[in-house]
Each structure stands twice: as C-alpha cells, then as structure tokens.
Amino acid sequence: MGKILGVVNQKGGVGKTTTAINLAACLALEGLKILLVDCDPQANASSGLGFQRDDNRHSIYDVLVGNSAAEQVILPTEIETLKVLPGSKNLTGANIELAAAEDRAMRLRQALEPVKGGYDLVVLDCPPALDLLTLNVLTAAQILIVPLQAEYFALEGISELISTLERVRSSFNPVLTIEGVLLTMYDDRTNLAQQVTETLREYFKERLYKTVIPRNVRLAEAPSHGKPVALYDSRSRGTEAYFELAGEFLARNQMESPRGAERRAALAAAKQSPARVRFWPYS
C-alpha cells in the first residue's frame with residue numbers, strides 16, 4: 001500500500017514522538033509492515049526504539065542531502081515488521097543547507113518513493129516547529145494525525161497548523177488531509193480537559209479520535225529503556241490505549257491487519273463448529 005502518515009504539531013511536548021513510536025509499534029505487532037522515519041533533530045523516535053545517538057551512523061539527514069539512499073539507512077528493530085530510518089542532530093543543518101535548493105520541499109517525498117511500496121504504512125515523526133523539515137513531512141505525507149493536549153493553548157496552536165496545511169495543499173500537496181486529531185496526556189478529572197474536548201469535537205466532528213491517550217507512568221518510562229510501551233509493559237494503560245488507537249486507525253482507513261484477519265477467521269470457525277454434547281460423568 002505504501003500510505004504515508006505524518007504525526008504533526010508545531011507545539012512541543014504534546015506527545016508526537018510518543019504517538020509515532022507506539023502507534024507504529026502496535027501496528028507492527030498486528031503484523032503490518034511499518035517504516036518509522038525520524039525527522040526530528042532530537043532523534044527521540046530513534047532512541048525510543050533503542051538506537052542511541054551516534055554521529056557516525058547514517059541518518060535521514062544523509063538521505064535528504066543526497067549522500068545516501070533511504071534503503072541503505074533503514075535499520076531493523078526488536079519488532080520484526082517494524083523498521084526505522086533514524087534521525088540525527090545533523091538535521092538541524094538541513095534547514096540551512098537545503099534552503100537554496102529548488103526542490104527543498106520535495107526531498108523527503110523523493111527519498112521515500114523507492115521504498116514506500118515495501119511497507120503497509122510509513123510513519124513520519126515531525127519536529128516541533130514549522131520549519132523546512134516539517135514542510136518536507138507535510139509535502140510527503142498523505143494523511144496526518146495531530147496529537148493535542150486538552151489545554152487552552154492547544155486550541156490556539158491548531159488554528160496556525162491548519163493555516164499552514166492550507167498553504168501546503170495549494171503549493172505542494174493537494175491530497176494532504178488531517179486523518180485525525182488525538183488527545184494525549186489526557187486527564188478526564190479536570191473540567192478544562194472536558195471543555196477542550198467538547199470544543200474540539202464541535203470543530204473536528206468525526207475527525208477527533210474516540211481513543212484518548214491517558215497520562216501514564218509506563219509511557220513516560222518506556223523510552224529510557226529503548227522500547228515502545230507494548231514491549232516494556234504489555235498490560236499498562238498506555239499499551240491498551242495505543243492498541244485501541246491502532247484499531248481505530250485501521251478501521252478508519254479500511255485496513256485489516258494480519259492478526260486481525262486471524263482473529264476474525266478463528267471467531268468465524270468457532271461459530272460454525274457444532275456444539276459438543278457431553279454426558280455425565282464428564283470425561
């Protein structure tokens with residue numbers, strides 16, 4: 001399929017990287033082939049999957065400036081069907097080095113073109129800024145997930161992001177759409193969270209995900225161990241929430257995972273098999 005999903009918000013600290021890592025991991029654990037591309041100079045998506053910072057390792061920076069092809073830089077992860085194209089601090093320089101290039105907004109799209117067909121989904125983790133790297137993500141992606149905290153300032157930031165999306169659509173990428181808005185670090189005990197949720201629901205309607213990501217200690221701990229939360233603590237609330245998000249994402253995009261197909265087939269077989277009559281004394 002090769003669909004490309006961007007996880008985008010120009011505001012920092014809203015759970016973009018956490019969502020990119022854990023949604024990608026949950027979809028991969030469901031049997032889909034996933035490529036996670038770390039477009040942030042902080043490279044937190046890479047370290048969150050166990051790849052510590054290494055200045056000698058090739059990264060998406062080398063791909064963007066034309067020093068390497070994407071397939072040469074992609075790395076395997078602990079999950080068999082999840083691959084990562086790592087980031088690096090050198091990406092900070094890409095904003096300057098590519099500024100004069102005529103195709104500066106298209107570099108990421110061009111780089112992913114040869115490899116995207118080998119994956120069911122490519123997930124792009126975006127930096128917390130409306131810079132050239134973010135422009136590349138918006139130009140390459142077909143659909144976006146926008147993580148938001150249920151706070152007042154989040155409502156202000158979303159209007160700026162939507163304005164940017166309109167400009168990108170008209171200039172570079174007419175198919176770009178917001179697939180969903182996701183509430184993260186959610187605490188339903190506060191009135192503010194409930195008020196912001198209602199405001200977002202009125203504006204975005206069905207595009208607001210029913211799934212919400214709660215504040216969860218295990219979600220915060222997992223990156224320090226270089227693991228997605230599903231591998232760090234499979235029974236945590238964070239794991240449950242991201243598997244729920246993965247299911248909702250698949251349903252919205254009319255996709256079925258291999259594990260989902262297996263569960264559906266097993267359920268159908270169980271319904272068709274005749275009931276076994278047992279006589280006392282039971283054996």
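Heads up: numbering here begins at 1 and tracks the sequence. No experiment lies behind these values; they were computed from the predicted model shown.
When atom types are taken as modelled, the side chain of K205 and the backbone of E202 share a donor-acceptor pair closer than 3.5 angstrom. A distance-only check finds a donor-acceptor pair linking the side chain of N216 to the backbone of L219 [under 3.5 Å].
Side-chain contact check for P41 versus L133: some heavy-atom pair is nearer than 4.5 Å. When side chains are defined from C-beta on, I34 does not count as touching T81, because their heavy atoms never get closer than 4.5 Å. In this structure, the side chains of V175 and N173 come closer than 4.5 Å at one or more pairs of heavy atoms. A 4.5 Å side-chain heavy-atom check between D40 and L91 finds every atom pair outside the cut-off. Residues L5 and V122 are not in side-chain contact: their nearest non-hydrogen atoms beyond the backbone lie 4.5 Å or more apart.
With sequence neighbours excluded, no residue satisfies salt bridge (charged side-chain N to carboxylate O under 4.0 Å, His left out) with E244. By the side chain to side chain contact (heavy atoms under 4.5 Å, CB included) test, A246 is found to be paired with L23, C26, L27, residues two or more places apart in sequence or in another chain being considered. For the side-chain hydrogen bond (donor to acceptor under 3.5 Å, both in side chains) test, residues two or more places apart in sequence or in another chain that qualify with D187 are R189.
Smallest separation of non-hydrogen atoms from V146 and I178: CG2-CG2, 4.3 Å. Residue V137 comes nearest to G6 through the heavy atom pair CG1-CA, 4.3 Å, listed as atom of the first residue, atom of the second, then distance. Across E30 and S257, no two heavy atoms sit closer than the pair OE1-OG, 2.9 Å.
A donor-acceptor contact closer than 3.5 angstrom is absent between the side chains of T18 and Y242. Under the 3.5 Å distance criterion, with hydrogens and angles disregarded, a donor-acceptor pair is assigned to the side chains of E248 and T211. In summary, the side chains of Q72 and D62 do not present any donor paired with an acceptor at a separation below 3.5 Å, with no hydrogens or angles considered. Between the side chains of T239 and R235, no donor-acceptor pair of N or O atoms lies under 3.5 Å.
Salt bridge status for R207 with E179: absent, with no side-chain N to carboxylate O gap under 4.0 Å. Between E166 and R169, at least one side-chain nitrogen of the basic residue sits less than 4.0 Å from a carboxylate oxygen of the acidic one, meeting the salt-bridge criterion.
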Applying side chain to side chain donor-acceptor pair (under 3.5 Å) to R167 and S163, what does each step give before you reach the verdict?
CA-CA 7 Å; R167 292 195 294 271; S163 176; 3.0 Å; yes
Candidate pair D38 and S46, rule side chain to side chain donor-acceptor pair (under 3.5 Å), full reasoning
CA-CA 6 Å; D38 188 353; S46 305; 2.7 Å; yes
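The stretch residues 135-148 participates, sequence neighbours left out, in no side chain to side chain donor-acceptor pair (under 3.5 Å) pair at all. Annotation: ring pair (Phe, Tyr, Trp, His ring centres under 6.0 Å) contacts involving residues 189-235, sequence neighbours excluded, comprise H225-Y232. Applying the ring pair (Phe, Tyr, Trp, His ring centres under 6.0 Å) test to every pair with at least one member in residues 44-103, sequence neighbours left out, gives no pairs at all.
With hydrophobic clusters built from ILVMFWY side chains whose heavy atoms lie under 4.5 angstrom apart, V217 does not share a cluster with M185. Hydrophobic clustering of Ile, Leu, Val, Met, Phe, Trp and Tyr side chains at less than 4.5 Å, counting indirect connections, keeps V14 apart from L182. A chain of hydrophobic side-chain contacts below 4.5 Å, direct or via other Ile, Leu, Val, Met, Phe, Trp or Tyr residues, connects L148 to V212.
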